[in-house]
There are 2 protein chains.
Amino acid sequence: MAPLSRAMDHVDRILAQWKQERPDLDVEPMGLLGRLARLRTRLARETEKALAAHGLNAASFDVLATLRRAGPPYRLSPGDLLATTMVSSGTMTNRLDQLEKAGLIERAHNPEDRRSVIIALTPKGFALVDAAVTAHVENQHRLLEALGTDERAALDGLLRRFLAAFE
Amino acid sequence: MAPLSRAMDHVDRILAQWKQERPDLDVEPMGLLGRLARLRTRLARETEKALAAHGLNAASFDVLATLRRAGPPYRLSPGDLLATTMVSSGTMTNRLDQLEKAGLIERAHNPEDRRSVIIALTPKGFALVDAAVTAHVENQHRLLEALGTDERAALDGLLRRFLAAFE
DNA sequence: TCATTTTATCTTGACGTCAAGACAATGGCG
DNA sequence: CGCCATTGTCTTGACGTCAAGATAAAATGA
């Protein structure tokens with residue numbers, strides 16, 4: 001049952017319905033997993049909003065940010081980018097096409113391996129991602145305001161343990 | 001810095017890169033939010049796999065499950081369904097079209113309001129969602145095996161508090 | 001009553017994503 | 001040396017989603 005000291009939330013109502021309709025099921029895990037999914041949707045939408053102010057979406061930002069934080073000379077292969085972004089190769093090609101059209105990255109041949117391509121941040125891309133990440137991090141601070149310092153540390157630790165089971 | 005007692009994970013490496021390249025930024029929140037997003041992606045993919053065994057995806061399951069747990073007579077309007085599923089009206093229309101084609105729901109006119117439609121679970125839809133939810137909940141138990149009872153309770157509590165800030 | 005606003009649903013067009021496979025270059029190995 | 005498996009990237013076709021707007025019915029209120 002939901003803790004008495006807290007108000008019933010949207011997920012609690014779902015659980016209560018299942019308990020009524022399917023009392024044979026132990027739906028306890030659904031609470032945690034449902035809140036995680038819902039929260040992630042909310043947070044993703046807030047993030048998209050913050051990045052849109054810089055003309056970016058989360059997909060484009062992810063690529064530019066990966067190149068930026070890799071450090072000089074701000075060049076990686078599509079394969080390198082794939083390894084850190086959890087998307088398919090087709091998705092990455094599509095993202096790179098857009099960024100190239102926008103003049104934020106350039107594709108160059110890799111002289112050491114003709115199958116491979118080198119993705120390089122342009123000066124324009126560098127300036128944009130540097131401004132965007134500043135705003136993005138500020139927005140992330142805002143999103144976490146609801147939690148206290150101890151809560152953030154506890155939550156981060158639990159998420160870390162949970163995530164470790166999958167990576 | 002990352003706790004000494006734990007191995008560096010994917011997100012830690014991203015944070016370390018930012019600290020090197022943009023020491024002016026306080027990227028602490030990025031750790032928690034990054035793990036939440038990554039975890040959610042992993043969990044969503046596992047969930048899709050479990051539901052695929054019943055010929056459903058998470059989108060279809062959400063609709064059928066909402067109708068099922070609402071209790072007899074297993075009928076709701078598209079508007080009711082919208083209120084619990086965090087998708088746009090166009091998305092809901094699309095989901096209902098598919099489910100109707102598959103014979104899992106039926107659309108009926110609402111005699112009390114001709115603008116409105118009544119979505120009803122068919123016997124076939126009822127049987128399918130009842131089997132699917134059993135497997136789905138089993139799968140959710142499996143996904144949470146990585147955490148102990150106390151950890152689950154602590155994580156759920158923190159997610160609840162965090163989510164409350166947005167709903 | 002009748003014009004106006006609101007409500008409920010659907011339509012349209014654009015995106016971002018994925019899985020599967022195509023293609024070309026490379027590396028191993030007999 | 002030459003065949004074959006592997007690697008790196010891109011292409012294709014299908015989905016699921018959204019925002020914006022279209023439609024039609026119902027509620028409001030002058």
Side-chain angles (χ1 to χ4, degrees), chain A residues 37-38 40-42 44-49 51-52 55-64 66-67 75-102 104-120, chain B residues 37-38 40-42 44-49 51-52 55-64 66-67 75-102 104-120:
Chain A
R38 256 184 118 73
R40 145 74 200 190
T41 299
R42 302 283 189 189
R45 287 179 183 174
E46 290 295 317
T47 299
E48 292 281 357
K49 265 194 262 176
L51 293 173
L56 293 173
N57 59 18
S60 294
F61 175 78
D62 270 356
V63 174
L64 296 179
T66 303
L67 288 165
R75 289 160 178 268
L76 293 170
S77 71
D80 293 334
L81 291 166
L82 272 180
T84 61
T85 48
M86 289 183 87
V87 298
S88 68
S89 65
T91 297
M92 184 56 68
T93 298
N94 184 41
R95 289 182 177 188
L96 295 174
D97 286 349
Q98 284 182 242
L99 291 169
E100 192 175 31
K101 252 180 238 162
L104 303 173
I105 62 155
E106 282 173 354
R107 276 192 247 235
H109 293 294
N110 182 346
E112 294 170 6
D113 184 341
R114 265 182 267 182
R115 289 170 302 182
S116 181
V117 171
I118 296 172
I119 307 299
Chain B
R38 256 183 116 76
R40 147 70 202 193
T41 299
R42 302 282 188 188
R45 287 180 184 172
E46 291 295 318
T47 299
E48 292 282 356
K49 265 194 262 176
L51 294 173
L56 293 173
N57 59 17
S60 293
F61 176 77
D62 270 357
V63 174
L64 296 179
T66 303
L67 287 165
R75 289 160 178 268
L76 293 171
S77 70
D80 293 334
L81 291 166
L82 272 181
T84 61
T85 48
M86 290 183 86
V87 298
S88 67
S89 64
T91 297
M92 184 56 67
T93 298
N94 183 43
R95 289 182 177 187
L96 295 174
D97 286 349
Q98 285 181 241
L99 291 169
E100 192 175 31
K101 252 181 239 162
L104 303 173
I105 63 155
E106 282 174 353
R107 276 192 248 235
H109 293 293
N110 182 345
E112 294 170 4
D113 184 341
R114 266 183 265 181
R115 291 170 302 180
S116 181
V117 171
I118 295 173
I119 308 298

Undergrad: Just by modelled atom types, is the A:Ala59 backbone N or O under 3.5 Å from a matching donor or acceptor in the A:Asp62 side chain?
TA: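 No, the answer is negative, given that no donor and acceptor are paired below the 3.5 Å cut-off.
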Undergrad: Grab the CG-P distance between B:Leu76 and C:dT9 for me, whole Å please.
TA: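 Distance check: B:Leu76 CG to C:dT9 P gives 11 Å.
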Undergrad: Do B:Leu104 and B:Leu56 make a side-chain contact, defined as non-hydrogen atoms from C-beta onward lying under 4.5 Å apart?
TA: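 B:Leu104 reaches B:Leu56 side chain to side chain.
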Undergrad: How close or far is atom P of D:dT17 from atom CG of B:Leu82, stated in whole angstroms?
TA: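 Computing the B:Leu82:CG to D:dT17:P distance gives 12 Å.
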Undergrad: How close or far is atom P of D:dA26 from atom CG of B:Asn110, stated in whole angstroms?
TA: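 Atom CG in B:Asn110 sits about 10 Å away from atom P in D:dA26.
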Undergrad: Reading DNA chain C from 5' onward, which residue's closest nucleotide shows up sooner: B:Thr93 or A:Ser89?
TA: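 It is B:Thr93 whose nearest nucleotide is closer to the 5' end.
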Undergrad: Nearest 0.5 Å please: distance from the CG atom of B:Asn94 over to the CG atom of B:Leu99.
TA: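 Going from the CG atom of B:Asn94 to the CG atom of B:Leu99 covers 9.5 Å.
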Undergrad: Of all the heavy-atom pairs spanning A:Thr41 and B:Met86, show the shortest one and how long it is.
TA: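 Distance-wise, the nearest heavy atoms are CG2-CE, 3.5 Å.
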Undergrad: Can you tell me how far P of C:dG13 sits from CG of B:Asn94, to the nearest Å?
TA: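 Answer to the nearest Å: 15 Å.
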Undergrad: Go through D:dC18, C:dA20, C:dA25 for me and flag the one nearest to the B:Ser88 side chain.
TA: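 Out of D:dC18, C:dA20, C:dA25, the nucleotide with an atom closest to B:Ser88's side chain is D:dC18.
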Undergrad: Checking B:Ser77 against B:Asp80: is there a side-chain donor and acceptor pair closer than 3.5 Å?
TA: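 Checked: B:Asp80/B:Ser77 side chains pair up, N/O donor to acceptor below 3.5 Å.
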Undergrad: For C:dG16 and A:Gln98 - does any side-chain N or O of the residue sit under 4.0 Å from the phosphate oxygens OP1/OP2?
TA: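 Checking A:Gln98 against C:dG16: at least one side-chain N or O falls below 4.0 Å of OP1 or OP2.
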Undergrad: Determine to 10° how strongly the helix from C:dT1-D:dA30 to C:dG30-D:dC1 is bent, judged from the axes of its five-pair ends.
TA: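 Result, rounded to 10 degrees: 0°.
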Undergrad: Salt bridge (charged side-chain N to carboxylate O under 4.0 Å, His left out), that's the test. Do A:Lys49 and A:Glu46 meet it? Break it down for me.
TA: CA-CA 5 Å; A:Lys49 265 194 262 176; A:Glu46 290 295 317; 3.3 Å; yes
Undergrad: Any idea which of C:dC18, D:dT17, D:dC18 is nearest the B:Ala59 side chain?
TA: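 Nearest to the side-chain atoms of B:Ala59, counting from C-beta on, is D:dT17.
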Undergrad: Do the side chain of A:Thr91 and the base of C:dC18 come within less than 3.5 angstrom through a donor-acceptor pair of N or O atoms?
TA: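 When only heavy-atom distances are counted, A:Thr91 does not reach the base of C:dC18 through any donor-acceptor pair under 3.5 Å.
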Undergrad: Does D:dC18 have OP1 or OP2 under 4.0 Å away from a side-chain N or O of A:Arg45?
TA: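 Result: yes.
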Undergrad: Can you tell me if B:Asn57 touches the phosphate of D:dG16, counting only side-chain N or O atoms and a distance under 4.0 Å to OP1 or OP2?
TA: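 Yes, such a contact exists.
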Undergrad: In terms of heavy-atom contacts, does CD of B:Glu48 have more than 12 from other residues, nucleotides or ligands at under 6.0 Å?
TA: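 Enclosed: over 12 neighbouring heavy atoms sit under 6.0 Å from CD of B:Glu48.
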Undergrad: Within this structure, what is the CZ-to-P distance between A:Arg114 and D:dC10, rounded to whole angstrom?
TA: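 In whole Å, D:dC10 P lies 17 Å from A:Arg114 CZ.
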Undergrad: Taking the nucleotide of DNA chain C with the nearest heavy atom to each, does A:Gly90 or A:Ser60 sit closer to the 5' end?
TA: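 The 5'-side residue here is A:Ser60.
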Undergrad: Looking only at non-hydrogen atoms, find the nearest pair between A:Ala58 and A:Leu51 and report the distance.
TA: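 Nearest heavy atoms, A:Ala58 then A:Leu51: CA-CD1, 3.7 Å.
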Undergrad: Let me know the distance between CE of A:Met92 and P of C:dC15, rounded to the nearest Å.
TA: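 Rounding to the nearest Å, CE of A:Met92 and P of C:dC15 are 19 Å apart.
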Undergrad: Please list, chain by chain and in numerical order, all residues satisfying side chain to side chain contact (heavy atoms under 4.5 Å, CB included) with A:Leu96, sequence neighbours excluded.
TA: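 Testing A:Leu96 for side chain to side chain contact (heavy atoms under 4.5 Å, CB included), a comparison that skips the adjacent residues, returns A:Val63, A:Pro78, A:Leu81, A:Met92, A:Ile105, A:Arg107, A:Ile119.
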Undergrad: Is the phosphate of C:dT9 approached by B:Arg107 (side-chain N or O, under 4.0 Å from OP1 or OP2)?
TA: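 Indeed not, no polar side-chain atom of B:Arg107 lies that close.
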Undergrad: Just the rounded figure in Å: distance from C1' of C:dG16 to CG of A:Leu51.
TA: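 After rounding, the reported distance stands at 15 Å.
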Undergrad: Taking only N/O atoms, report every protein-nucleotides 5-8 of chain D pair under 3.5 Å with atom names and distance.
TA:
{"residue": "D:dT7", "atom": "O2", "partner": "A:Arg115", "partner atom": "NH1", "Å": "2.8"}

Undergrad: Are any non-hydrogen side-chain atoms of B:Leu82 and B:Val87 less than 4.5 angstrom apart?
TA: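 In contact.
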Undergrad: Grab the CG-P distance between A:Asp97 and C:dA14 for me, whole Å please.
TA: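 Checked: the CG to P distance equals 18 Å.
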